[in-house]
Structure formats: C-alpha cells, structure tokens
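Read through the structure below, which is laid out as structure tokens, and then see the notes.
Throughout, residue positions are numbered sequentially from 1 according to the sequence presented. One-based numbering, in listed order, for ligands and for the atoms of each. Treat the numbers as computed from the prediction; the structure is a model and nothing was measured.
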Amino acid sequence: MGTNFNTDSVETETQKKLDEIEKNLEKNVTIAVVGKVSAGKSSLLNALFHKNKNEELLANVGAMSGVTTKVKRFKLGKYVEIMDSPGLGDIIDENSAATRNALLDIDVGILVVSDSADVAQKQHFDLLKTHCKKVFVVLNKIDMYDRQKSSIPKVVQQWREALNLSETENIFQTCTFGYDPDTDSETNLDIRGVDELRTSIFAFLKEHGKDLVLAREMERKSVIAKRIIYGALAAVGIEAFIPGSAIYITGTQAAAIMSIHYTYTGEVLSKKSAVAIIPLFASQSIGANAFLFAKSFLPPTGILDIAAAGVAIIVTLAMLSAVNWVYENGYNLDDKTELKEQFNRFKKLLDEIGAKEIARIIISKDIKSIMELISKFIK
Ligand SMILES: Nc1nc2c(ncn2[C@@H]2O[C@H](COP(=O)(O)OP(=O)(O)O)[C@@H](O)[C@H]2O)c(=O)[nH]1
Ligand SMILES: [Mg+2]
C-alpha cells in the first residue's frame with residue numbers, strides 16, 4: 001500500500017470535503033425583489049424560476065403567515081425565501097424588531113425597473129445595497145424599445161446616472177412578457193436576458209457555497225445532477241495526477257453523492273451514509289471500508305498515468321450516474337441491487353469507450369464534449 005495510502009489521511013481529507021458540503025446545504029438563501037408596482041417583478045420571478053403562467057405561480061408556493069398587503073413572501077423548499085415588495089422599507093416596516101435583523105441579512109437583492117429613469121428608485125437601490133450581499137439591477141420590458149432599439153443605450157445610461165452606478169455595476173436587460181398570470185393564453189412568451197441574470201446570480205451564490213440550495217428550487221434535477229457530476233469528474237481529473245490521489249478521490253465521490261441526494265430529496269444526507277455507499281461499487285469484496293475503494297482501482301504506486309486516471313474517472317462517472325439513476329427512477333440509496341446493477345451497466349459502456357479516451361475528454365476541459373459524455377447516462 002506504500003506511503004501514499006493511509007486510511008487516516010483519507011478519512012481526514014474526506015471529512016474536510018464533506019463538512020464543507022454539509023455546511024453549504026444547510027444555508028438559507030434569501031432574495032429580495034424590489035421595484036415599482038407593475039415594473040414586472042412577478043413576471044421576472046416566474047421567468048427566473050421557470051414557472052409559466054399555467055403552473056402554480058410562486059405566489060401560491062406557501063405564502064407565509066403575517067403577510068400584509070405590500071410585501072409578498074414566498075418560501076421554496078426548506079431554505080429559500082423570496083420577498084417581493086415595492087421597497088425594502090416596507091419589508092422593514094412590516095416586521096417586528098425581533099425578526100427584522102434576520103430578515104435583513106439578504107443574499108441577493110434585485111431592483112427591477114422599467115421605462116424611463118426615475119431618481120426615486122435610488123433610495124430603494126441604496127437600501128438594498130445596505131442589506132444585501134449583492135444587488136442586481138434589472139431593466140425589464142426592453143421589448144418596449146423593439147421599434148427603436150437605438151434608445152436602449154440612452155435609457156440604460158439614464159438609469160446608471162439616476163442610481164449612481166459605479167463602473168463595475170451592470171444593468172441587466174430583460175423581457176419577461178407572458179409570465180404574468182393575467183396574460184391571455186394565446187400570447188406567446190417573450191423572454192430575453194433572464195438566463196444571463198440567472199447565471200450571474202448562481203455565480204455570485206457559488207462564492208458563498210449557496211448555489212446548490214437555490215438551484216434545487218430553480219432547475220430540473222437532472223440538469224443539476226449533471227453539473228455536480230461535471231464538477232466531480234473535473235476534480236478527479238486533476239486529483240488523479242496528484243501522488244497519493246486516493247485520499248482526495250474518495251472525498252470527491254462522497255461529496256458528489258451528498259449533493260445529488262440533496263438535489264433530489266432536499267435533505268442533507270449524513271456524511272457517514274455518503275461514505276458508506278462507496279464500497280458497494282468495488283469489484284472485489286472490500287467489506288465496509290470506503291477508504292479501500294480508491295485503492296482497489298488505483299495503481300499500487302499511487303502515481304497515475306493517463307490510463308489509470310481514466311479508470312478513476314470511469315469509476316466516478318459510473319458511480320454518480322448510478323446514484324442519479326436510482327433517484328430518477330423512484331429508488332433510493334437503500335436499493336443496493338439497483339445501484340450495483342446500474343453501476344455495472346454504466347461502467348461497461350465506459351470501458352468500451354476506453355480509459356485513455358475518457359481521461360482525454362475530461363482533461364481537455366472541453367465543456368461540450370464532457371457534457372456529451374455525461375448525457376449518455378443522464379437525460
Ligand atoms: N411589455 C412587457 N410587459 C411586461 C413584461 N414583463 C411583464 N410585463 C407586464 O407588466 C405588467 C406588470 O407585471 P407584473 O409582473 O405583475 O409586475 P409587478 O407588479 O412588478 O409584479 C403585466 O401586465 C405584465 O404582463 C415585459 O418584459 N414586457
Ligand atoms: Mg407582482
């Protein structure tokens with residue numbers, strides 16, 4: 001087993017990774033959407049969360065008690081809270097001093113404006129900046145300028161001045177037409193700029209380890225699972241070449257299992273359970289010791305060439321795809337027969353492609369071909 005593999009160091013490294021994931025999954029995400037009545041706040045929220053007017057709108061997703069007229073508060077899942085109001089001042093006013101502090105530690109503020117610049121919005125913007133970790137400014141209804149596109153830069157510039165934006169502060173331009181529940185059913189959706197806004201919100205939340213919590217409420221589970229697997233494969237692709245890589249790979253696999261479990265169930269899997277799944281995928285019997293698993297497919301020297309790295313990647317992809325498969329098909333991590341069967345099936349397909357080729361795809365960092373590979377196993 002050499003000096004590169006030692007159960008204690010694997011355990012420490014794995015715990016470190018799992019502690020971090022666990023901490024992130026138990027975080028709350030709060031979003032405050034502020035803007036004049038009819039600026040398009042509700043429409044933007046629905047578009048951001050991929051709800052269309054025929055689905056139950058956010059407004060119906062568990063409105064919280066104590067709600068008064070101006071401020072709408074929604075809770076999505078256990079950890080995401082959204083407030084929608086003409087101004088943050090209303091949110092402050094409507095809450096007792098006791099709840100105010102917690103409420104006003106907001107992650108993401110979104111100021112929604114439309115039409116020509118209005119200096120009255122500056123106070124709302126400033127208050128958002130005081131209470132939110134990050135504020136996004138959105139100029140909605142840009143379709144209003146479709147017949148006169150050249151006026152958009154002027155309108156944007158006027159808003160920049162009205163809000164006194166700095167060089168680094170952006171104005172996102174969106175259209176969310178047709179996302180309002182009152183729109184006629186034959187109206188076509190016209191949606192623009194919302195993906196860019198959503199991507200920027202995720203990028204910001206990722207810095208705080210909160211992106212998965214929001215993604216769970218916002219995106220298709222399989223899309224999130226693919227992203228988790230992408231991250232895990234990229235990590236293994238790097239870790240495989242570090243001498244003694246086994247100590248890192250087990251942690252990466254267990255962390256991805258925790259994240260996938262959270263995506264489908266909304267619950268935080270215990271670190272112990274995440275690690276306990278791993279020995280199931282070993283080809284030979286290794287008992288209940290997850291930490292011997294990496295060793296079972298890594299060369300005894302602990303130093304990997306490209307083919308050995310490919311094997312580590314194959315095992316990781318087959319394992320995580322099997323975990324995704326059980327959730328997609330109504331099973332769970334207790335269904336060991338299904339997990340094992342799917343793992344073997346996926347692994348066989350990957351072995352046919354070949355370890356070197358698989359390693360080459362992952363190490364290339366070419367997002368498109370990596371996603372193509374993952375999409376063979378996840379729809
Ligand atoms: N032209 C246009 N109208 C929009 C757009 N987004 C929303 N609307 C309309 O603007 C009105 C107000 O939208 P709503 O989302 O209820 O605004 P809120 O009061 O800020 O929540 C509704 O009639 C929407 O159909 C857009 O991008 N373009
Ligand atoms: Mg509204």
Side-chain angles (χ1 to χ4, degrees), residues 30-64 67-76 80-91 93-94 106 108-118 120-125 127-128 132 135-156 158-159 162-163 170-201 217-218:
T30 45
I31 301 176
V33 182
V34 164
K36 267 206 310 221
V37 172
S38 221
K41 299 179 295 298
S42 301
S43 304
L44 181 72
L45 272 171
N46 286 329
L48 266 179
F49 281 84
H50 300 289
K51 308 273 177 199
N52 63 47
K53 60 177 182 283
N54 299 319
E55 288 180 77
E56 286 297 286
L57 296 169
L58 283 173
N60 297 330
V61 187
M64 291 170 50
V67 181
T68 48
T69 47
K70 280 185 179 166
V71 184
K72 296 198 197 92
R73 291 169 60 184
F74 320 116
K75 189 117 198 208
L76 297 177
V80 178
E81 185 174 356
I82 298 170
M83 292 170 277
D84 164 337
S85 163
L88 213 52
D90 303 310
I91 296 175
D93 292 348
E94 287 185 4
I106 297 166
V108 174
I110 304 176
L111 179 70
V112 183
V113 301
S114 57
D115 248 307
S116 48
D118 167 15
Q121 290 301 305
K122 184 170 181 337
Q123 53 161 322
H124 297 298
F125 179 61
L127 201 54
L128 276 173
C132 304
V135 180
F136 297 88
V137 180
V138 175
L139 174 64
N140 195 23
K141 307 195 184 186
I142 51 159
D143 56 303
M144 285 173 29
Y145 305 101
D146 279 355
R147 284 157 178 247
Q148 212 184 338
K149 288 220 163 70
S150 60
S151 48
I152 293 183
K154 282 177 219 152
V155 175
V156 168
Q158 282 157 4
W159 272 110
L163 300 174
N170 247 333
I171 295 188
F172 289 80
Q173 297 168 28
T174 61
C175 174
T176 56
F177 190 75
Y179 274 93
D180 172 81
D182 301 327
T183 322
D184 294 342
S185 58
E186 57 271 19
T187 310
N188 286 327
L189 290 179
D190 183 354
I191 178 165
R192 307 176 214 170
V194 177
D195 287 344
E196 286 83 347
L197 174 64
R198 194 188 298 109
T199 302
S200 298
I201 293 173
E217 309 306 330
M218 219 182 221

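- Here is the list of ligand 1 atoms found below 4.0 Å of a heavy atom in Ser38: 11 (C), 12 (C), 17 (O), 18 (P), 19 (O), 20 (O).
- The heavy-atom pair separating Ala162 from Ala117 by the smallest distance is CB-CB, 4.1 Å.
- One finds the CZ atom of Phe49 at 10.0 Å from the CG atom of Leu44 (value rounded to the nearest 0.5 Å).
- Using a 4.0 Å cutoff on heavy atoms, Gly35 does not count as a contact of ligand 1.
- Annotation for Asp143 and Arg192: closest pair CB-NH2, 3.6 Å, computed over non-hydrogen atoms.
- In terms of modelled atom types and a separation under 3.5 Å, the side chain of Lys41 and the main chain of Val33 share no donor-acceptor contact.
- Compare Asn140, Leu139, Asp143 by their heavy atoms: the one nearest to atom 1 (N) of ligand 1 is in Asp143.
- Here Ser43 does not reach the Mg ion (ligand 2): none of its N/O/S atoms is less than 2.8 Å from the metal.
- The ligand atoms of ligand 1 that sit less than 4.0 angstrom from a heavy atom of Cys175 are 27 (O).
- Residue Asp84 has no nitrogen or oxygen atom sitting less than 3.5 Å from a nitrogen or oxygen atom of ligand 1, judged on distance alone.
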Evaluate the side-chain contact (heavy atoms from CB on, under 4.5 Å) criterion for residues Leu48 and Ile31: first the C-alpha distance (whole Å), next the side-chain angles of each, then the deciding distance (0.1 Å), finally the verdict.
CA-CA 12 Å; Leu48 266 179; Ile31 301 176; over 6 Å; no
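- For ligand 1, the polar-atom distance check finds an N/O of Gly40 within less than 3.5 Å of one of the ligand's N/O atoms.
- Proximity to Ser42 (heavy-atom distance under 4.0 Å) selects the following atoms of ligand 1: 15 (O), 18 (P), 21 (O).
- Between Lys36 and Asp118, at least one side-chain N (NZ, or NE/NH1/NH2) sits under 4.0 Å from a carboxylate O, which counts as a salt bridge.
- Using a non-hydrogen distance threshold of 4.0 Å, Lys36 registers as a contact of ligand 1.
- For a threshold of 3.5 Å applied to N or O pairs, the pair formed by Ala39 and ligand 1 contains at least one separation below that value.
- Ligand 1 has a nitrogen or oxygen under 3.5 angstrom from a nitrogen or oxygen of Lys141.
- Taking 4.5 Å as the limit, some side-chain heavy atom of Leu111 sits within range of a side-chain heavy atom of Leu163.
- For the residue pair Asp115 and Val155, the shortest heavy atom distance occurs at O-CG1, 3.8 Å.
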